[in-house]
Amino acid sequence: RRIAEHHVHLVLPKPRGVVATIPDPEGRPPLRETLELEPVLQLTVDRVRGLIGSRYAALGLVDGSGVIDRFITSGISAEQRARIGPPPHGRGLLGLIIRESRAYRIADIASHPDSSGFPPNHPEMGSFLGVPIKVHGRAVGNLYLTDKLGAPAFSEADRLLVGMFSLRAGIAIENARLHEQVKQLAVADERERIARDLHDGIIQGIYGVALSLEDVPELMTVDPDEAGLRVDRAIDSLNVAIREIRNFILGLRSELLHGA
């Protein structure tokens, strides 16, 4: 069981929980450098299929109840995916790995008692390897590979390699989720800053204009000239507020462009 036969150099785990490094044979960036979740999932499933040498691969993320809510494939075209129909929910062999949260190597999918068969238009698949993806001991998804190329079944070395890869994939997936949460918090913080700036500046000015107009109805009777002056000043102040709002919006656009 020589992992070196897969032409992949593995660096053993370092102290302090550093996960083994698995260089990509095509020179693509490490998973940790990709923060958006969807690219992480697709990069993971594409890379593991190439490393192991399988015809098909998939990655399923599960929700809190263990149901697959994201399913990313490799080796199947978009047209084939459309003909197959909705993604699996986690029954059959996929559900077995989800429930038991451990790896399975199966020589023939159809002969396994937990197999639930394939939907119409689904390609026939023979050998199977499934490994859970865990984060902090909690299963967040699974890697599935089918149809080992050049061999009748997946080997124990394949299982070890995919298990090592699943550790890195789990960290990458968690990083992507944290990145999405940080972006959401940043949006919330920016909204608070905008609301604060508007309140402290422009809205306070408009409130002052409203106060200056409160006794205008009475002044229209006792001092029409003063009432007219207040209305004129109010109009001038509102025009200033409009310009400030316009400048504020332009400033936000500039920040967004520079941020992008």
Problem - Short N-O contact, Glu226 and Arg230, less than 4.0 angstrom - result: yes
Practice task
Would you mind reporting whether Glu100 and Arg102 have side-chain heavy atoms less than 4.5 Å apart?
Solution key: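 With C-beta onward as the side chain, the pair touches.
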Handout entry: Student check: side-chain heavy atoms of Asn142 and Ile68 closer than 4.5 Å
Key =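 Side chain of Asn142 against side chain of Ile68, heavy atoms only: no contact under 4.5 Å found.
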Practice task
Determine the interplanar angle of the Phe128 and Tyr144 rings, folded into 0 to 90°, and report it as parallel if under 30°, tilted if 30 to 60°, perpendicular if over 60°.
Solution key: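 Correct class here is tilted.
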What is the distance from atom [atom1] of [X] to atom [atom2] of [Y], rounded to the nearest 0.5 Å?
{"X": "Leu143", "Y": "Leu129", "atom1": "CG", "atom2": "CG", "value": "8.5 Å"}
{"X": "Leu51", "Y": "Leu161", "atom1": "CG", "atom2": "CG", "value": "6.0 Å"}
{"X": "Leu145", "Y": "Arg159", "atom1": "CG", "atom2": "CZ", "value": "13.5 Å"}
{"X": "Ser155", "Y": "Ile52", "atom1": "OG", "atom2": "CD1", "value": "7.5 Å"}
{"X": "Asp46", "Y": "Leu59", "atom1": "CG", "atom2": "CG", "value": "10.5 Å"}
{"X": "Arg81", "Y": "Ile72", "atom1": "CZ", "atom2": "CD1", "value": "7.0 Å"}

Heavy atoms only: give me the nearest [X]-[Y] pair and the separation to one decimal.
{"X": "Pro123", "Y": "Ile76", "value": "CG-CD1, 4.3 Å"}
{"X": "Tyr56", "Y": "Glu124", "value": "CE1-O, 4.3 Å"}
{"X": "Arg49", "Y": "Ala57", "value": "CB-CB, 3.6 Å"}
{"X": "Val131", "Y": "Ser166", "value": "CG1-OG, 3.9 Å"}
{"X": "Ser127", "Y": "Ala153", "value": "CB-CA, 3.9 Å"}
{"X": "Val45", "Y": "Thr73", "value": "CG1-O, 4.0 Å"}

Exercise for the section: Go through the steps to decide whether Gln42 and Glu38 satisfy the test side chain to side chain contact (heavy atoms under 4.5 Å, CB included), and finish with yes or no. Expected result: CA-CA 6 Å; Gln42 191 64 61; Glu38 288 298 332; over 6 Å; no
Practice task
Consider only side-chain heavy atoms of I, L, V, M, F, W and Y, link residues closer than 4.5 Å, and tell whether Leu229 and Met220 are in one cluster.
Solution key: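 No; tracing contacts between hydrophobic side chains, which count when under 4.5 Å, never links both residues.
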Handout entry: Working for side chain to side chain contact (heavy atoms under 4.5 Å, CB included), residues Ile235 and Val231
Key = CA-CA 6 Å; Ile235 292 173; Val231 171; 4.0 Å; yes
Exercise for the section: Could you tell me whether a side-chain N or O of Arg105 sits under 3.5 Å from a main-chain N or O of Phe154, the two making a donor and an acceptor? Expected result: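 The answer is yes, because a donor-acceptor pair under 3.5 Å joins these two groups.
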Problem - side chain to side chain contact (heavy atoms under 4.5 Å, CB included) between Arg55 and Leu149, intermediate numbers included - result: CA-CA 6 Å; Arg55 191 179 310 278; Leu149 300 176; 3.7 Å; yes
